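Following: one structure in structure tokens, then a few remarks.
Only heavy atoms go into these numbers, but all of them, side chains included; no hydrogens, no water, no symmetry mates. Counting starts at 1 for both ligands and their atoms, in listed order. Here the structure is a predicted model, which means the values were calculated and not measured.
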Amino acid sequence: MKVIGINGSPNAKGNTYQAMRMVFEELEKENIETEIIQIGNKPIRSCIGCGKCYTDTGFCSAFKDDGLNEAIEKIREADGILLGSPVHFSGITGAMKSFCDRLVYIAGNAEDLLFHKVGAAVTAVRRTGGSSALNIMHKYLQYCEMMVATSNYWGVIHGRSAGEVQQDEEGKQIMRILGKNMVWQLKMREQGLAYAPAKEKKVRTDFIR
Ligand SMILES: Cc1cc2nc3c(=O)[nH]c(=O)nc-3n(C[C@H](O)[C@H](O)[C@H](O)COP(=O)(O)O)c2cc1C
């Protein structure tokens, strides 16, 4: 089994990365492969709503050169995803928002991307805004009908400069438990795929007619 991490931080080895590693250490103990893709230092285009992913399903044909499609290929092969972002102005980073908007729009028409896989999210924050950033990431996971992993508190860890999160003992426990619960859900999913309901075609009402 494999889980892909998407790191929305501009800092390759910053607090978000370190929090994601705490989660992934628990997966690796159970021989689950992990890989972190850093997108937070890249110019990721935001979704322009062209709708091409409704016909050219499974990838973004509007912008092919900013790394999204390469990440999609890895996510497609994986059993789960871990979203990680530092808090920027009480939300997620711009790169993370652009990446997830496009990924999840595409995933809505491509069952093999995120649907019924295991998903989790973590955020690193100096002081305030962790819950709202986490909430945004959870919305993407929920939209894709993922098995969302939880911990004994919300997936927020505190620190400002890179490495300060290592002093947050409660945050470290949150990440550890999140990892353990992810392992459990990944194993349950593997055992239970035969019972998974089929994806229903989406009913769309725009409330204008
Ligand atoms: C542009 C920007 C906006 C930020 N906004 C917030 C904020 O709203 N609340 C907060 O507590 N920390 C804020 N921070 C601090 C970061 O969330 C914190 O330093 C975090 O640990 C950085 O994680 P990283 O090392 O993975 O980048 C902000 C930092 C930057 C660069």
Side-chain angles (χ1 to χ4, degrees), residues 2-29 32-47 66-68 70-72 74-75 78 80-104 114 118-142 146 148-182:
K2 184 164 184 177
V3 174
I4 298 290
I6 304 297
N7 180 10
S9 170
N11 302 306
K13 295 285 160 68
N15 288 327
T16 306
Y17 172 84
Q18 293 184 34
M20 295 174 81
R21 283 299 311 152
M22 290 172 202
V23 177
F24 276 176
E25 272 166 25
E26 300 304 319
L27 273 62
E28 287 160 12
K29 280 181 198 164
I32 295 166
E33 235 186 294
T34 69
E35 180 179 347
I36 295 178
I37 303 171
Q38 193 202 359
I39 54 116
N41 58 346
K42 294 197 172 72
I44 309 274
R45 296 291 301 256
S46 61
C47 182
D66 63 1
L68 178 81
E70 284 81 353
I72 278 178
K74 292 185 175 186
I75 292 167
I81 191 169
L82 174 65
L83 301 179
S85 176
V87 171
H88 279 189
F89 290 97
S90 282
I92 57 176
T93 61
M96 192 66 174
K97 174 94 170 80
S98 296
F99 183 93
C100 288
D101 282 358
R102 282 165 61 214
L103 169 69
V104 170
L114 296 171
V118 176
V122 298
T123 187
V125 57
R126 182 186 72 81
R127 191 172 181 88
T128 305
S131 281
S132 45
L134 200 64
N135 189 34
I136 295 167
M137 289 189 277
H138 278 159
K139 289 289 184 286
Y140 294 113
L141 307 178
Q142 291 159 357
M146 299 189 82
V148 180
T150 56
S151 185
N152 68 342
Y153 216 68
W154 297 274
V156 181
I157 196 163
H158 286 265
R160 183 176 61 85
S161 307
E164 280 185 0
V165 287
Q166 300 294 341
Q167 296 170 45
D168 180 359
E169 289 302 327
E170 187 172 352
K172 279 160 50 177
Q173 186 191 45
I174 293 166
M175 298 305 150
R176 196 165 58 241
I177 293 173
L178 183 63
K180 286 179 183 169
N181 284 338
M182 248 188 134

Residues R102 and D66 bridged, charged N to O under 4.0 Å: yes
Run the side chain to side chain donor-acceptor pair (under 3.5 Å) test against E25 and tell me which residues pass, sequence neighbours left out. none
Paired with M175, the side chain to side chain contact (heavy atoms under 4.5 Å, CB included) test is passed by just one of D168, V165, I157, V156, namely I157
Side chains of E28 and T34: do they bring a donor and an acceptor to under 3.5 Å? yes
Output for ligand 1, non-hydrogen cut-off under 4.0 Å, lists S9, N11, G14, N15, T16, P86, V87, H88, F89, S90, A124, V125, R126, R127, T128, G159, R160
Mind checking what makes side chain to side chain contact (heavy atoms under 4.5 Å, CB included) contact with K42, not counting sequence neighbours? I44
Which residue pairs pass the salt bridge (Lys or Arg N to Asp or Glu O under 4.0 Å) test with at least one member in residues 148-165, sequence neighbours excluded? none
